[in-house]
Amino acid sequence: MTNVMHMSRMYAPTLKEDPADAEIASHRLLMRAGMIRKTASGVYAFLPLGQKVLAKVEQIVREEMDATGAQEMLMPALQPGELWRESGRWDDYGPELMRLTDRHDHEICLGPTHEELVTALVRNELRSYKELPLALYQIQTKFRDEIRPRFGLLRGREFIMKDAYSFHANQESLQKTYDDMSAAYGRICERLGLDYRPVEADSGQIGGSVTCEFMALAEAGEAELVHCTCGYAANTEAGDCLARPTEHAVPEMQKIATPGVHTIAELAAFLDIPESSTVKALAGKSDAGELVVLFIPGDHELNELKADRAVGGFTLLADEEMEAYGLPKGSMGPVGLPKEARVVAARSLQAVQKWVVGANEDGFHYVGAGLGRDFEVDEWADLCIVQPGDSCPECGLPLSGARGIEVSQVFQLGDKYSRAMDATFADEDGTETPFLMGCYGVGITRSLAAIVEQHNDEYGIIWPFSVAPAHVCVIPLTVGDEEVQPAAEKLAADIARLGLEVVIDDRSERAGVKFADADLIGWPLQIVVGKRGLAEGKVEVKLRRTGEKKDIAFSTITELLAFAKRSGGITKSGTGYFDGLFER
Ligand code: ATP
Ligand code: MG
């Protein structure tokens, strides 16, 4: 059975105008193409065309998950609050967790993620090391009461995620599944046609666990990244920055009067040097109550998470505390600090022999303060938010900056949940041991939006072949014409018989309206059937991505498409756009 979709019967209400609240391309175009509609803040319905794309994205993810050996299941969105109390996240998760109370006064939440539920599911029935490893996944609706739902599908309050969870007897096994999942995530991005980077991420927890985020490069992305030609990429929150040599070197340490200078910007302007040649000091306290003074390059910002980790909790000193230690705000430095001060400096300063830094005296700075000569550093640590231009920690070349959309993340959880929730298995000597776990999430709806962010132009969406709502749109110019209409129908049916998905725009609209809608919706290939062409036995074929058009003999078009389908070259890695169709 071949099936041709008819636009005249399809519920695909396109919009001529951009919706007022749509700030980015994917939101704007998915709305205008009649694929999604907003029903509440951060909540969207998928109309038939949107649903077709969604199903394709899901199917690609499903195939890649199945290939790793993970098994599909479906967990409920409604989760008992008591499980979240067991893990401690009822209190930790915060207002993002959508909570409700049932008629019996039981606490319930709408799942933002499923670690608790899946752990509870297996804890009494996955009993022996012999049954491990095990990986389960689902494609399911998640709820998060995001503080700022925005950018359409990119940050919703209700969205679809593929979430997988794995259970292991040992770290080696966890690492293997983590690597397999990471490889599958790369393939998913490729099949979705996404230009992406796997990036080093921060797990957000002290101690830090192993995690990697897959970022679709896009200006609309909320994440800031650095990346290098050598393949290294990191979220700026997580990345390391290596030494950058200073241009400013002075033989002897000199004390310079810097009246009124309190900030790095003022210091750099006063000395007429770049901010990168100065060193910034931050005084604080560790959780253990020690005085800690941190030093970082003047043009960098402190990464608080990293500082916390390096020092064992780091809180900046209040003004009164600074005074009590005799530390002058705005001109602190490493020379002449109180004896008890623990001096921790950014590793990127290790190669800077002479520092331009405060003199611990209001209104004075040092230039040429010699590391190891005029002062000592107790510890070196990774403390800064990495910036474009910093040296790549892998190869030393300067890093480039980019913005990205986090489409997926892989995570080694260790025994965090299994320990808290008492989920154990019997190991080889019969000892009850908590599982090691991994979790792996793909934002299905967010990925769909990311595809549109990367594949659009002024006329609309340009779907990669792999996720297009249909591959070919046949456009009869004059509907009802006794030659054109049947010819278009026959052509559509012939193409469908080749195994391609075909839609026919049989609406009695003006040609201009149909062309505009075809480009807006983004069918990869459009075939226009008109009276004049037919008289010459020709139809006009247009490639959406390049806009190229060519008249092709009506009799050879199906042959041509069969060729296009067969030859892998035309659909590069399944995500092509019929590129090369005309080059035969
Ligand atoms: P973010 O940092 O963007 O809030 P997250 O790191 O909290 O996301 P995860 O818990 O890692 O998200 O969820 C797995 C995946 O689910 C994410 O990589 C993302 O693709 C998707 N996702 C998360 N939150 C949302 C949301 N509010 N709307 C749409 N997709 C989301
Ligand atoms: Mg994440």
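Note that ligands are numbered from 1 as they come in the structure, with each ligand's atoms numbered from 1 the same way. In this text the structure is predicted, and so the values were computed from the model without any measurement.
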Problem - Distance-only donor-acceptor check, side chains Glu224 and Thr236, under 3.5 Å - result: no
Problem - Amino acids in close contact with ligand 1, where any non-hydrogen atom sits under 4.0 angstrom away - result: Arg144, Glu146, Leu153, Leu154, Arg155, Gly156, Phe159, Met161, Glu406, Val407, Ser408, Gln409, Gly443, Arg446
Fill in the blank from the handout: Near the Mg ion (ligand 2), protein N/O/S count under 2.8 Å comes to 2
Exercise for the section: Verify the distance criterion only: is there a donor paired with an acceptor across the side chains of Tyr232 and Arg197 at less than 3.5 Å? Expected result: no
For residues 10-20, which side-chain N or O atoms pair as donor and acceptor with protein atoms under 3.5 Å away, sequence neighbours left out?
residue, atom, partner, partner atom, Å
Thr14, OG1, Asp517, OD1, 3.3
Thr14, OG1, Asp517, OD2, 3.3

Problem - Chi angles and distances behind the side chain to side chain contact (heavy atoms under 4.5 Å, CB included) call for Ser391, Leu399 - result: CA-CA 6 Å; Ser391 305; Leu399 292 166; over 6 Å; no
Practice task
Just jot down the salt bridge (Lys or Arg N to Asp or Glu O under 4.0 Å) partners of Asp66, sequence neighbours excluded, or say none.
Solution key: none
Problem - Criterion salt bridge (charged side-chain N to carboxylate O under 4.0 Å, His left out) against Arg155, the qualifying member of Glu23, Glu222, Glu406 - result: Glu222
Handout entry: Glu301-Gln387 side chain donor-acceptor pair, cut-off 3.5 Å
Key = no
Problem - Leu83 versus Arg123, closest heavy-atom pair with distance - result: CD2-NH2, 3.7 Å
Exercise for the section: Assign the ring pair Tyr440 / Tyr178 to parallel, tilted or perpendicular, where the plane angle (0 to 90°) is split at 30° and 60°. Expected result: tilted
